[in-house]
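The block underneath contains the structure these notes are about, expressed in C-alpha cells.
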Amino acid sequence: MARCKTDCVEKPIARGFEILGGFVGRHPWWFLILPMFISAGLGGGFYFLADREANGIEEMFTPMDGPAKHERQVVKQYFPQSDSNFSRLRLYTEGTFASLIIVKPGQNILTSTALPNIFEMDRNVTDMTIGAFAFKDLCVKKGGGCVSNSIFDIVKNPGDVTTTTINYPYNGRIFIASEIGGVKLKSGLTEIESAEAIRLFYFLKEDNQTRNTMWLKKFIETASKMTKEEGMTISYFTSISRDEEFEKSSDSIIPLFSLTYALAINFSIISCLRLDCVRNKVWVATFGVLSAGMAVLSSFGLLLYCGMPFAMTVATAPFLILGIGVDDMFIMISCWQQTQVHDNVEDRMAATYKDAAVSITITTLTDALAFYIGLLTPFGSVQSFCMYTGTAVLFCYLYNITFFGAFLALNGSREKGNRHWLTCMKVPEPEENSKKYNLCCVGGAYDHETGKEEPMPINNFFKMYYGPFLTNTWTKVFVILLYAGYLGSSIYGCFQIQEGIDLKNLAADSSYVGSYYDNEDQYFSEYGPNVMVVVTDSKFQYWDKTARERLDTCLERFESLTLDGRSLVAKNMILSWLNEYVKSGQVSNPNNKTIFMDSLPAFLQLSDFTQDVNISKQVIIASRMFIQTINVSTAVDEKNMLNKLRETANGCSEKLVVYHPAFIYFDQYAVIVSNTIQNIVVATLAMLVISLMLIPNPICSLWVTFAIASVIVGVAGFMALWDVNLDSVSMINLVICIGFSVDFSAHISYAFVSSKEVTANKKAVDAVYHLGYPIIQGAVSTILGVVVLSAAESYIFRTFFKIMFLVILFGAVHGIVFIPVFLTFFGICGGKVSDKKDDGRSNTLSQSGHRWVTQTTGDFNMKNTHELRAVAANSKVWSISSNQSSHYSSHCVNGKANSVYENIEDCP
C-alpha cells in the first residue's frame with residue numbers, strides 16, 4: 001500500500017500552510033484588517049457596473065464566432081439595406097421595428113366588425129410623435145411613402161373585407177402568411193375563408209437609434225393601453241424588447257440576496273452552535289459568511305475595474321460563492337476542533353492550517369479550474385459568468401486563509417482565556433467528566449482523554465448508527481439496486497435532452513414578450529424563415545444555359561429536403577430573379593453574355609429585384625434567391641433545418657451561402673453539444689491531474705473519475721426529465737458539476753484508503769464518521785445559497801437552481817452512500833482489503849506519506865484509540881502515536897534502557 005503513496009506535492013503544501021497558520025496566529029490583527037481594506041478598495045469597481053453590463057441577447061447567448069455571423073457579413077457586403085426602398089424579406093438583421101398581434105381565438109377576425117378596431121389600432125400607432133418627429137419622419141420608405149401593412153393594402157376599407165378576395169400564402173406577389181394567421185381556406189382553393197390573427201409591423205429607419213428607442217418605448221406604452229372589442233387579445237413586441245426585458249429579469253432576484261445571506265448566516269450559526277459558552281462558534285460562523293461576501297465584492301470589483309463585461313448570468317454567482325465559502329469555513333472549523341485545546345493559539349493555528357491545506361486547496365483548484373475552463377466556450381454569457389465566479393472562488397480561498405483564519409485565531413485566544421462567547425468575561429471550567437456547563441455560566445469543556453474539543457453528537461451518529469447500517473450486507477444490496485435505478489433513469493433522461501434556449505425564456509414570466517411569442521408560435525409557425533441563397537462566385541456565368549441548369553438543380557435539392565417525412569422547403573415558392581428575368585421576355589437572347597448583361601439593368605429597375613443583384617462594371621459580383629421553409633415549429637426543427645440547408649449549399653457545385661437573421665440564434669445548436677463535451681473532457685482531465693498531485697494515493701483518482709462520470713450522467717439525465725434544455729445556461733452548470741463531484745468524492749475515498757482500520761467495512765465507517773457531517777454541511781450550505789433562486793421569475797435563475805440542486809444532491813449521495821459502499825467491494829492499490837482480523841505478525845501503517853513497518857511475534861492493542869503498540873517478545877515497544885486525527889509521530893522505547901528514538905531506523 002505504501003508504494004501507492006504520491007505525496008511529493010501534498011507534503012510541501014501542508015508544510016507551507018503550517019508555517020502560514022503559525023504566522024497568522026502570531027499576527028491576527030494584520031490579517032483581519034488588511035483584507036477589509038483590500039475588499040473596500042476593490043469594491044470601488046462597482047462604480048463601473050452600469051458601463052460594464054452586457055445584456056445583449058446576440059452578444060451573450062449566441063456563438064461569438066458562429067457561421068451565421070460570417071454569412072451575415074457576406075450578405076451585408078454584397079447587399080446593403082435601403083431605408084428608401086425597404087423590403088423586410090431582404091433584411092440581413094431583424095431591423096428596428098414594433099409589432100402587434102391581434103387575435104380572436106376561435107373566431108374570424110376578417111369581419112366588418114373586427115377590422116375597424118384593427119384600423120383604429122393602426123392609427124393610434126402611426127399618430128404617435130416623438131418631439132417634433134412624427135411616424136412619417138421615422139418610418140422606412142418605399143415609393144416615397146411609409147411602408148404599409150399588407151392587410152391595409154389589400155382591404156382599403158374595413159367594410160369591404162367581406163367582398164375582398166384574399167389568397168394565401170401569396171396574394172398576388174405579396175407573401176401574407178407572416179401577417180395573417182390561424183387561416184382556414186375554402187375547400188380546394190387558396191382563398192381565405194376565415195382567419196384568427198393579424199400581425200402588424202412598423203419598421204423604422206436606422207439613422208438615429210436614440211430617437212428610435214424613444215419611439216419604441218412609447219409604442220410599448222401605447223400598445224399596453226389599447227382598447228379592443230370583446231373576445232379580442234393584443235400582444236406586442238419591439239426590436240428592443242428582448243434585451244430590455246432580459247435586463248429587467250435580473251432585477252427580480254436583487255431582493256433575494258438579503259434572504260440568501262440571512263439563510264446562510266442562520267445555517268452557519270446553527271451548525272456551529274455549542275451548548276458550551278466558551279466553545280461556541282457563533283461569531284466564527286458569522287465571519288465565515290462575511291468572508292464569502294468580501295470575496296464577491298473584491299473579485300467583482302477587480303474585474304469591473306479591468307473592463308470585464310458583466311452578463312446577467314453573473315448575478316447568480318454570489319449565491320454559489322456563498323455556498324463554496326461557507327463549505328471551506330466548515331473544513332477550517334473542523335480542523336481547529338481536532339487540535340489540542342491546551343496548546344497555544346499559534347500551534348493550534350499551525351496544526352489547523354496543516355490539516356486543512358489539502359482539503360481547501362483541492363476544493364479551490366477544482367472549482368476555479370472548472371470555471372476557467374468554461375472560458376473556452378464561444379458564448380459571452382458563459383465566459384462572463386465563469387470569469388467572475390472563478391475569480392471569486394480564488395478570493396474566497398485567499399480570504400479564508402487570511403481574514404477568516406485571523407478571526408479564528410482571535411476566537412482561539414478568547415477560548416484560551418476561557419471567556420464567554422458573547423460577553424468575553426471569564427467563566428469557570430466544568431469539572432472533569434462533568435456535563436454541568438451551559439450557555440451562561442460554565443464553559444470550556446473538552447475531552448480529557450484526547451485533549452481535543454468534544455465531538456458533535458451528529459459525528460457519533462455517523463459512527464454508531466449510520467456507518468454500521470450502511471455496511472450491513474442487506475443495505476449494500478439495496479444501495480446497489482438504488483444505484484442501478486439511478487443510473488438507468490439517468491441514461492434514459494440523457495436520450496430526452498433537448499437543445500437550445502427559447503428566446504422567450506430570457507424574459508421574466510410576467511413579461512409581455514411571452515404572450516407575443518406564444519401567439520407567434522400558435523398562429524404564424526406554418527411558414528418558417530424565408531432563406532436567402534446567395535451566389536458568391538463572381539465568375540459564375542449566368543448567361544450560360546448549362547450553368548443556369550446547374551444552379552436550378554441546386555435549388556431543386558433545397559426543395560426536395562425533408563425532415564421526419566415532412567417537407568422542409570415549400571414547393572414552387574422559390575423567388576429567383578434569374579428565372580423571372582429569363583422568362584420575362586425582356587432579354588432577347590439570355591444565352592448571349594452581351595445581350596444578357598445589357599438588358600439586365602432595365603429589368604431590375606422595373607422589378608422588385610433591384611437589391612438582389614450586385615453589379616459592378618458589367619460583372620455580377622453576387623446575387624441571391626429566396627426559398628420558403630415550412631414545418632419549422634420546434635427548436636429541434638430549427639437545428640435540423642439549419643444543418644440540412646448548409647449541407648445542401650456546401651454540396652452544390654456552385655459557391656452558395658444560405659442566410660436568414662434568425663440563423664444567428666439557431667447557431668447555438670451547432671456548437672452547444674460539442675462545446676459541452678469539450679469542456680467536460682478538459683475539466684475532467686484537469687481534475688484528475690489535480691487529484692493525482694494533491695491526494696497521495698492513486699486509487700483515489702479512479703474514484704474521482706467514477707464520481708465525475710456518474711454525477712454528470714445523473715445531472716444531464718435528470719435535468720432533461722425536469723424540463724431543462726441543454727443550452728448556454730445549463731452548460732455552465734454541467735462544468736460546475738465536475739468541480740463539486742471532485743469535492744465530495746476525493747475526500748471520502750481518501751479517508752477510506754487512509755483509515756487506520758483493518759477491515760473494509762470499518763474503513764467505510766471511519767470515513768463517513770470523519771466526513772459525513774462536513775459533506776452534509778457543505779451540501780446544505782450550497783443548496784441554501786441557491787434555493788431562493790427557485791422563486792425567481794426568470795427561467796435562467798430557476799434553471800441555475802434546478803441544476804445546482806441536482807449537482808449537490810447527487811454529489812452528496814455519492815459521497816456518503818454510493819462510494820463508501822462500493823469501496824468495500826474493491827481492493828486498495830492492487831491489494832485486497834481483508835475482512836478478517838489481523839493476526840499481529842506483520843502490519844503496515846501509512847498516513848500522509850509516512851510508512852512504519854512492524855515485524856513482531858507479539859500482538860496489537862489500542863490504547864485510548866490514539867496509540868498503537870506492537871509488543872515484542874524482547875520487551876521492545878515500537879509506538880506510533882497521534883496527537884491529532886491525521887498526523888503521526890513515531891518512537892521506539894527500549895524496555896531496559898527506557899531510551900526514546902525519534903526514528904524507527906535508529907531503534908536498536
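Among residues at least two apart or in separate chains, side chain to side chain donor-acceptor pair (under 3.5 Å) pairs with a member in residues 110-119 are Thr111-Thr113. Legend: disulfide (SG to SG under 2.5 Å) pairs involving residues 58-146, not counting sequence neighbours, sorted by first then second residue: Cys139-Cys146. For residues 623-644, the pairs satisfying salt bridge (Lys or Arg N to Asp or Glu O under 4.0 Å) are Glu499-Lys639, Arg566-Asp637, Asp612-Arg624, with sequence neighbours left out.
To the nearest 0.5 angstrom, Met226 atom CE is 10.0 Å from Tyr236 atom OH. Separation of atoms CE (Met64) and CD (Glu59) is listed at 7.5 Å; rounding is to 0.5 Å.
Counting all heavy atoms, side chain and backbone alike, Pro529 lies closest to Thr629 at O-OG1, 2.6 Å. Taking each heavy atom of Ala570 and Met573 in turn, the nearest pair found is CB-SD, 3.4 Å. Minimum heavy-atom separation, Gly528 to Gln628: O-NE2, 2.8 Å.
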Distance-only criterion, 3.5 Å: show the donor-acceptor pairs between side-chain atoms of residues 95-105 and protein atoms not counting sequence neighbours.
from   : atom 1 : to     : atom 2 : distance (Å)
Ser99  : OG     : Leu200 : O      : 3.0
Ser99  : OG     : Tyr516 : OH     : 2.8
Lys104 : NZ     : Glu229 : OE2    : 2.8

Name each donor-acceptor pair under 3.5 Å that joins a side chain in residues 123-133 to protein atoms two or more places apart or in another chain, with its distance.
from   : atom 1 : to     : atom 2 : distance (Å)
Arg123 : NE     : Glu120 : OE1    : 3.4
Arg123 : NH2    : Glu120 : OE1    : 2.8
Asn124 : ND2    : Glu120 : O      : 3.4
Thr126 : OG1    : Asp122 : O      : 3.0
Thr126 : OG1    : Arg123 : O      : 3.4

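Taking the six-membered ring for Trp and the full ring otherwise, Tyr581 and Phe609 have centroids separated by 6.0 Å or more.
With sequence neighbours excluded, the residues that form a ring-ring contact (aromatic ring centres under 6.0 Å, His included) with Phe801 are Phe805. Thr222 is linked by a side chain to side chain donor-acceptor pair (under 3.5 Å) to nothing, counting only residues two or more places apart in sequence or in another chain. Tyr527 pairs by the side chain to side chain donor-acceptor pair (under 3.5 Å) definition with nothing, not counting sequence neighbours. In this view, Phe79 satisfies the ring-ring contact (aromatic ring centres under 6.0 Å, His included) rule with no residue, not counting sequence neighbours. Not counting sequence neighbours, Tyr47 has no partner by the ring-ring contact (aromatic ring centres under 6.0 Å, His included) test. Taking Thr260 as the reference, Phe319, Leu322, Val788 meet the side chain to side chain contact (heavy atoms under 4.5 Å, CB included) condition, with sequence neighbours excluded. In this view, Tyr795 satisfies the ring-ring contact (aromatic ring centres under 6.0 Å, His included) rule with no residue, not counting sequence neighbours.
Remark: Glu71 engages Arg646 in a salt bridge, criterion side-chain N to carboxylate O under 4.0 Å. A salt bridge is absent between Asp667 and Lys69: the closest approach of a Lys/Arg side-chain nitrogen to an acidic carboxylate oxygen does not fall below 4.0 angstrom. Taking a cutoff of 4.0 Å between a charged side-chain nitrogen and a carboxylate oxygen, Asp137 and Arg211 do not qualify as a salt bridge. Here Lys225 pairs with Glu221 in a salt bridge; the nearest charged N to carboxylate O distance falls below 4.0 Å.
Between Trp577 and Met625 there is a side-chain heavy-atom pair separated by less than 4.5 Å. Counting heavy atoms from C-beta on, the side chains of Glu526 and Val183 never come closer than 4.5 Å. Under the 4.5 Å side-chain criterion, counting only non-hydrogen atoms from C-beta, Met312 is in contact with Phe797.
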